[in-house]
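Read the structure below first, then the notes.
We count ligands from 1, going down the list as the structure has it; atoms in each ligand are counted the same way. All values below come from the heavy atoms of this structure, side chains included, with hydrogens, waters and symmetry mates left out.
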Amino acid sequence: MQTLLGKHIILGVTGGIAAYKCAELVRRLRDEGAEVRVVMTQSATEFVTPLTFQALSGHPVHTDLLDTEAEAAMGHIELARWADGILIAPATANMIGKLAQGIANDLLSTLCLATEAPIAVAPAMNHIMWSDNATQDNIATLKNRHIYIFGPAFGTQACGETGEGRMLETHELIEKLDSLFSHESLSNTRVLITAGPTYEAIDPVRFIGNRSSGRMGFAIAQAAIEAGAKVTLIAGPVNLQTPHKVERIDVESAHQMYQAVMSQVAEHDIFIATAAVADYSPIETHDQKLKKSEEMLSIHLHRNPDILAEVAAMNKLFSVGFAAETEHLQDNARKKLKSKQLDMIAANQVANMENPDEDTGFNSEYNALDVYWPEGYIQLEKARKTELARKLIELIAEHYKTKH
Ligand code: CTP
């Protein structure tokens with residue numbers, strides 16, 4: 001099992017006798033390479049002490065929403081964002097009911113509302129409670145909301161009766177949690193992305209730049225995270241929020257972008273170059289602001305290194321380029337695919353600047369892409385950049401896997 005490696009898992013323990021089995025669960029999760037933080041409800045602490053889970057997880061156990069000390073160390077919103085997944089085991093009928101109703105009156109139920117990570121519950125209760133209509137309705141509600149239900153199993157119960165309601169065994173919970181992540185098309189893959197424009201300084205106040213907003217690259221970074229990848233985003237000057245879990249390195253010039261990419265190449269598997277990198281930069285950058293004097297001013301430029309072509313030539317990373325074209329889209333894209341020895345190139349017609357909302361390309365929310373690879377081609381129709389990014393990431397994942 002590889003998919004739990006490095007995953008951040010919150011184990012939510014609620015008040016049932018099966019709580020004692022979760023000590024072993026923490027150990028096994030850590031054996032699989034996951035980092036585990038345990039959150040207990042008050043009633044869970046009646047069955048097992050927080051100290052047990054603290055010792056096994058290597059982190060203080062969170063029990064209280066209003067604990068100022070714990071909040072100062074890692075606040076509940078931060079904890080909700082930290083998680084790649086939440087597993088509630090054992091999950092009592094009470095906790096299942098609270099989740100179904102959206103009640104947030106303790107730390108664990110609050111985290112479940114505050115997280116964007118997948119949530120799984122492993123019910124454990126008496127078989128009559130499990131088959132009660134109220135519980136079954138709540139379970140149906142959770143399933144509708146894409147909360148995963150692990151178990152329960154049939155067997156003898158702590159109360160001495162036999163029926164459906166036993167919590168799954170530790171190894172079964174681990175397998176199910178693992179499969180929850182393994183559908184991710186880029187799990188265990190490291191993706192390096194460039195985005196935005198570059199600014200090439202003329203003097204301390206002036207530069208040569210371009211109209212790239214960086215939106216497409218940031219949307220691709222977000223989509224790659226959703227697909228389970230580890231993502232490093234090297235961004236030129238843009239006014240965008242870093243997507244959650246993305247490691248961002250800010251640069252200004254093409255040269256800085258080149259250096260940042262080269263320092264990261266060895267740590268990555270896929271390179272997606274969405275940045276609009278300046279092809280040329282001034283030979284000389286003036287230390288002081290240029291004063292107007294002559295009628296004419298010439299600025300001499302020299303070629304910048306082609307970051308994408310250099311990475312592709314190393315033949316180590318699956319390399320994807322972008323081409324923004326104003327004419328001969330297909331011809332130019334195919335030429336770039338070949339000349340830069342790329343695995344894939346996504347080409348788009350640049351936007352009409354006068355009406356960016358209606359259009360596609362640089363400053364627009366929307367884009368449409370023609371994607372080429374050496375043996376084929378697909379048209380991704382006009383859509384929001386976020387949606388298009390997801391489609392492109394799936395296409396990249398498919399081709400990357402075929403190549404490897
Ligand atoms: N690129 C790069 N480094 C550069 C220039 C471009 O990594 N110095 C990457 C871009 O991120 C993009 C692709 O190369 O993925 C664009 O190719 P390019 O041939 O540079 O496109 P244009 O700049 O549009 O080229 P031209 O002006 O010749 O059409």
closest protein heavy atom to atom 7 (O) of ligand 1 is Leu308 N, 2.9 Å
Notebook entry, point to check: Just distances here: any N/O of Glu325 and N/O of ligand 1 closer than 3.5 Å?
Noted result: no
Item to complete: Compute the shortest N/O to N/O distance between Ile307 and ligand 1 and return yes if it is under 3.5 Å, no if not.
Response: yes
In terms of heavy-atom contacts, Met125 and Gln157 come closest through O-NE2, 2.7 Å
Of all protein heavy atoms, the one nearest atom 26 (P) of ligand 1 is Lys336 NZ, 4.0 Å
So, is Ala273 polar-close to ligand 1, with some N/O to N/O distance under 3.5 Å?
-> yes
### Steps toward salt bridge (charged side-chain N to carboxylate O under 4.0 Å, His left out) verdict (Lys176, Asp178)
CA-CA 5 Å; Lys176 285 195 175 287; Asp178 185 74; over 6 Å; no
(Q) Do the side chains of Glu387 and Lys382 get close enough for a salt bridge, i.e. N-O under 4.0 angstrom? (A) no
Contact check: Thr194 vs ligand 1, nitrogen or oxygen atoms, below 3.5 angstrom:
no
**Report entry** Within-cutoff protein neighbour (heavy atom, under 4.0 Å) for atom 28 (O) of ligand 1
**Finding:** no
Ranked by distance from atom 13 (C) of ligand 1, the top protein heavy atom is Phe322 O, 3.0 Å
>> Measuring from non-hydrogen atoms of Met257 to any atom of ligand 1, is the shortest distance under 4.0 Å?
In response: no
* Give the ring-plane orientation class for His8 versus Trp82, where under 30° counts as parallel, over 60° as perpendicular and anything between as tilted. => parallel
heavy-atom search around atom 8 (N) of ligand 1 in the protein gives Pro305 O, 2.9 Å
**Any N or O of Gly321 closer than 3.5 Å to N or O of ligand 1** = no
Here the gap from Asn94 atom CG to Asp106 atom CG, rounded to the nearest 0.5 Å, amounts to 8.5 Å
Could an N or O of ligand 1 be found under 3.5 Å from any N or O of Ala276, whether backbone or side chain? no
Would you mind checking if Asp84 and Lys245 are paired as a salt bridge, meaning a charged N to carboxylate O distance below 4.0 Å? yes
A student comparing Val277, Asp279, Thr274, Ile193 should find that the heavy atom closest to atom 23 (O) of ligand 1 comes from Asp279
protein heavy-atom neighbour closest to atom 20 (O) of ligand 1 works out as Lys340 NZ, 3.4 Å
Decide whether a cation-pi geometry holds between Lys7 and Phe181; the criteria are a distance under 6.0 Å from NZ or CZ to the six-membered ring centre and an angle within 45° of the ring axis. yes
task: For Ala275 and ligand 1, answer yes if some heavy atom of the residue is under 4.0 Å from a ligand atom, otherwise no.
output: yes
Task: Asp306/Lys340 salt bridge by N-O under 4.0 Å criterion - done: yes
Worksheet item: So with a 6.0 Å cut-off around CG of Asn239, is the heavy-atom count from everything else above 12?
Response: no
- Message: Ile396 vs Phe318, test: side chain to side chain contact (heavy atoms under 4.5 Å, CB included). Steps then yes/no.
- Response: CA-CA 9 Å; Ile396 291 171; Phe318 186 91; 4.0 Å; yes
Per-atom filter on ligand 1: closer than 4.0 angstrom to a heavy atom of Asp306 are 1 (N), 2 (C), 3 (N), 4 (C), 7 (O), 8 (N)
